[in-house]
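Below: one structure, written as structure tokens.
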Amino acid sequence: SAPPTGKGGLSPVKPLITASPSLKPSRSTKPSIEPSWRPSTNPSKKPSWMPSSKPSHIPSKKPSNIPSMTLSSKPSSPPSSSPTNSNYPSSHPTKFPSTSISPTHNPSSPPSLFPSSSPITAPNAAFMSNSHGISFRLTGGVNYVTSVFDVAELLTQFKDHLQSYGVSWFIINLSSHYYGDRYLAPHSVLTNMSRGSTPKSVPVWVGADLPLESYADRDLFGEILDGFHSLGVKVIAYMSANSPALIETGEFTAYDYDGKSPYVDTCVECPSLTFIPSDCACAPSVLKWIRHVESLYGVNNVFTLQRAYAEIIVAEYAARYSDLAGFWFDRAEMADVPAVRAAVRQYLPRAAVAFNAGQRLPLTNNYPRMEDFTAGLPFWDLVNFPASHCRNYIVIPYQETSVDGYYAASDGGGQEGLSLGHVNYPILRRWNGGGLAWTARQASEWQQ
């Protein structure tokens with residue numbers, strides 16, 4: 001990639017090899033007191049509301065004092081005073097399709113094979129079948145990259161170096177990496193609520209001390225989506241279910257925690273949010289989001305935060321981007337998976353959806369009737385072994401046990417029960433850094 005310049009230019013990106021095999025599999029809210037959910041400022045301590053072990057993606061039992069979590073239910077009277085932006089939807093959707101099917105997650109079971117005698121027609125992820133895609137991440141919110149990123153140059157490099165090799169789809173992050181507290185596009189609630197959490201159009205970058213309200217919002221994600229759409233290339237949005245509440249990673253990981261953001265004065269904002277005089281160690285973006293959720297749903301427990309993520313964040317973006325081909329949700333164990341899927345399907349019935357909860361082997365249908373393609377992570381953690389290490393080759397034989405590249409729900413489930421085997425390996429030695437992990441010969445052999 002071309003280096004960034006003061007006049008703009010494509011910023012360096014960290015691409016990933018991502019491929020989906022088919023016939024011949026490829027290899028490649030206002031709390032009365034300090035809220036009980038607020039995590040400790042000590043990164044070594046778990047937040048008090050976090051379970052002792054990772055929760056399943058659907059709670060088997062919820063407290064009796066929270067709203068129903070069925071997909072068809074909503075707050076009886078959504079408030080009309082939510083922060084809005086006239087350029088975007090003024091409220092979150094009020095109705096989602098209902099479902100009586102709950103996904104199961106049993107990674108220890110063997111791959112579920114689609115009966116070879118049953119035809120596979122056109123599942124939502126069919127466009128990924130027998131093809132390759134490229135994925136990369138940009139830091140969201142207001143920063144140098146999102147201000148000067150040159151989308152035209154990105155498209156030129158794609159046409160000159162990748163399109164001719166058959167790369168036909170592209171995964172780009174809508175939320176900022178796996179934290180999920182900043183975005184690459186404006187949002188009707190977040191933009192006004194959390195300063196610096198979504199991009200601004202700054203023609204000439206003059207440093208971090210910007211009068212943000214003087215600049216227009218920039219929908220960088222929308223620009224990238226439109227650009228690739230004009231080339232006939234489909235775009236999949238990466239989003240982290242960690243959400244603006246930072247459910248898993250904790251408040252201390254927020255972009256604006258304890259003065260980390262030049263656009264948020266925590267010593268001014270925190271005392272009114274935490275009710276602790278002279279408190280600077282908080283994340284206003286997290287606390288404001290929790291209060292907003294409580295104002296809508298009446299409570300702010302973790303299950304409600306998961307539901308709000310689907311109905312307020314995911315739904316708005318799905319409603320806006322009609323050309324979006326799919327979503328890849330990270331930290332799926334922190335999501336209300338059926339609610340997230342319903343939010344997507346309400347506006348994008350043909351979008352392909354994947355959920356990553358860290359499952360690696362067997363490569364199989366981890367969320368029957370919920371996912372359309374597998375997350376496809378390397379088997380071994382990249383801290384110890386790069387994606388190209390021979391220990392990670394084991395994913396390839398698993399993919400070769402599929403039928404036409406698909407895995408089905410254990411009871412069949414027809415087309416809705418199919419999940420396309422998708423292998424998502426980084427080009428670099430780590431997810432966000434390190435040198436090139438692959439030789440041309442090895443990359444070619446693993447994709448044959």
Side-chain angles (χ1 to χ4, degrees), residues 29-52 54-55 83 139-146 175-184 187 189-200 207-213 240-297 299-306 308-309 312-313 330-331 333-334 432:
T29 182
K30 158 185 168 188
S32 56
I33 299 292
E34 174 100 357
S36 61
W37 48 262
R38 187 179 175 199
S40 165
T41 57
N42 184 349
S44 66
K45 293 184 179 180
K46 246 184 181 179
S48 60
W49 51 262
M50 284 290 287
S52 58
K54 285 188 178 181
T139 300
V142 177
N143 57 67
Y144 172 75
V145 173
T146 57
S175 69
S176 187
H177 306 290
Y178 60 89
Y179 290 116
D181 57 344
R182 286 174 289 178
Y183 292 79
L184 256 64
H187 186 274
V189 174
L190 299 179
T191 297
N192 298 323
M193 176 187 292
S194 304
R195 200 166 188 261
S197 64
T198 63
K200 291 289 185 177
D209 188 17
L210 295 171
L212 297 187
E213 290 71 24
S240 172
N242 195 30
S243 84
L246 298 178
I247 297 175
E248 182 176 20
T249 60
E251 181 186 355
F252 63 88
T253 63
Y255 77 96
D256 59 345
Y257 179 77
D258 197 11
K260 286 194 296 186
S261 172
Y263 314 114
V264 182
D265 190 337
T266 57
C267 292
V268 171
E269 295 200 40
C270 290
S272 64
L273 294 168
T274 65
F275 309 102
I276 302 174
S278 303
D279 184 13
C280 296
C282 86
S285 63
V286 175
L287 304 188
K288 288 177 181 179
W289 171 252
I290 298 295
R291 287 191 175 188
H292 180 68
V293 171
E294 185 175 15
S295 73
L296 292 175
Y297 296 86
V299 290
N300 62 19
N301 56 60
V302 66
F303 306 117
T304 308
L305 294 173
Q306 291 173 337
Y309 170 72
I312 301 175
I313 305 297
D330 208 352
R331 322 291 278 213
E333 67 272 29
M334 293 294 108
N432 295 299

ask   = Looking only at heavy atoms, which two atoms of T266 and Y257 are closest? And how far apart?
value = CG2-C, 4.5 Å

message = With rounding to the nearest 0.5 angstrom, report the OG to CD1 distance, S240 to I313.
response = 12.0 Å

query = Less than 2.5 Å separating the SG atoms of C270 and C280?
reply = no

task = Ignoring hydrogens and angles, tell me if any N or O in the side chain of D181 forms a donor-acceptor pair with the backbone of Y255 under 3.5 Å.
result = yes

message = Could you work out, with side-chain hydrogen bond (donor to acceptor under 3.5 Å, both in side chains) as the rule, every residue matching T253, not counting sequence neighbours?
response = T249

key: Shortest non-hydrogen contact from L305 toward W289   = CD2-NE1, 4.5 Å

task = Would you kindly say whether T191 and T198 are connected by a side-chain donor-acceptor distance under 3.5 Å?
result = yes

ask   = Taking atom CG of L190 and atom NZ of K288, what is their separation to the nearest 0.5 Å?
value = 11.5 Å

message = If I compare all heavy atoms of T274 with all of C282, which pair ends up nearest, and what's the gap?
response = CG2-CB, 3.9 Å

ask   = To the nearest 0.5 Å, what is the distance between NZ (K200) and CD (E213)?
value = 6.5 Å

ask   = Are any side-chain N or O atoms of D256 and backbone N or O atoms of S285, one a donor and one an acceptor, separated by less than 3.5 Å?
value = yes

ask   = For S278 and P271, which heavy atoms make the closest approach, and how far apart are they?
value = N-CG, 4.0 Å

message = Quick one, M193 with H187, criterion side-chain contact (heavy atoms from CB on, under 4.5 Å). Give me CA distance, side-chain angles, the key distance, then yes/no.
response = CA-CA 10 Å; M193 176 187 292; H187 186 274; over 6 Å; no

Shortest non-hydrogen separation from Y179 to L246 and the atoms involved = O-CD2, 3.2 Å

task = Would you check if V302 and I247 make a side-chain contact, meaning some heavy-atom pair closer than 4.5 Å?
result = yes

Sidechain-backbone polar pair: E294 side chain, N300 backbone, donor-acceptor under 3.5 Å = no

query = Looking only at heavy atoms, which two atoms of S243 and Y309 are closest? And how far apart?
reply = CB-CD1, 3.5 Å

query = Does R182 use its side chain to pair, donor to acceptor, with the backbone of S176 at less than 3.5 Å?
reply = no

remark   = ring pair (Phe, Tyr, Trp, His ring centres under 6.0 Å) filter on Y183, not counting sequence neighbours, yields Y317

